[in-house]
Amino acid sequence: MDYYLAIYSSVTLANRVKRNMPRDGEYVGVVHTPRSITKGGCSYALRFKQHKLSKVKQVSEEYGIKIKALYKESMSNGQKVYMEY
């Protein structure tokens, strides 16, 4: 199953978006941004399924929180692969 990562500049911002997502029992988690996709410095990502993408964008915009980048996470040969979205 593929997941998506919305990259934020701090854990506080990522958690703020997470707190304001609808509570539907599905996984939405805050994780360290994988080293393979960080563009310098410390950043955090919100990890979620594809159908939540529009809501993540909406909540981020409503609260004036900039998404630094979006990535699709999938598995290839047993390894996580990230493609900019």
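Side-chain atoms are counted along with the backbone in the values below, which use heavy atoms only and exclude waters and symmetry mates.
Across Ile67 and Ala6, no two heavy atoms sit closer than the pair CG2-CB, 4.1 Å. Of all heavy-atom pairs between Val31 and Leu5, the closest is CG2-CD2, 4.3 Å. Closest non-hydrogen pair, Glu26 versus Lys49, comes out as OE1-CD, 3.9 Å. Nearest approach of Val17 to Ser60, heavy atoms of both residues: CG2-OG, 3.7 Å.
Interatomic distance, CG of Leu46 versus OH of Tyr4, reported as 14.5 Å (0.5 Å rounding). A distance of 4.0 Å separates CD of Glu73 from CZ of Arg47, quoted to the nearest 0.5 Å. Going from atom CZ of Arg23 over to atom NZ of Lys18 covers 8.0 Å, rounded to the nearest 0.5 Å. One finds the CD1 atom of Ile7 at 9.0 Å from the OH atom of Tyr82 (value rounded to the nearest 0.5 Å). With rounding to the nearest 0.5 angstrom, the CD1 atom of Ile65 is 5.0 Å from the CG atom of Leu13. We find the NZ-CD1 distance between Lys80 and Ile37 to be 10.5 Å, quoted to the nearest 0.5 Å.
A distance-only check finds a donor-acceptor pair linking the side chain of Thr33 to the backbone of Ser43 [under 3.5 Å]. Counting only distance, with no hydrogens or angles, the side chain of Ser76 and the backbone of Gln79 share no donor-acceptor pair below 3.5 Å.
Under a hydrophobic clustering in which Ile, Leu, Val, Met, Phe, Trp and Tyr are joined whenever their side-chain heavy atoms come within less than 4.5 Å, directly or via other members, Val28 and Tyr8 fall into the same cluster. Under the 4.5 Å side-chain contact rule for hydrophobic residues, Val11 and Val59 share a cluster.
A heavy-atom distance below 4.5 Å is found between the side chains of Leu70 and Lys57.
In this view, Lys72 and Asp2 satisfy the side chain to side chain donor-acceptor pair (under 3.5 Å) rule, not counting sequence neighbours. A search for side chain to side chain donor-acceptor pair (under 3.5 Å) contacts involving Tyr3 returns nothing, not counting sequence neighbours. Qualifying ring-ring contact (aromatic ring centres under 6.0 Å, His included) partners for Tyr63, counting only residues two or more places apart in sequence or in other chains: none.
Between Phe48 and Tyr27, a ring centre-to-centre spacing not shorter than 6.0 Å is recorded.
Environment of CD in Glu61: sparse, with no more than 12 heavy atoms of neighbouring residues, nucleotides or ligands closer than 6.0 Å. Heavy atoms from other residues, nucleotides or ligands lying under 6.0 Å from CE of Met75 number more than 12.
Side-chain contact of Tyr44 with Ser9: a donor-acceptor pair under 3.5 Å is absent, judged by distance alone.
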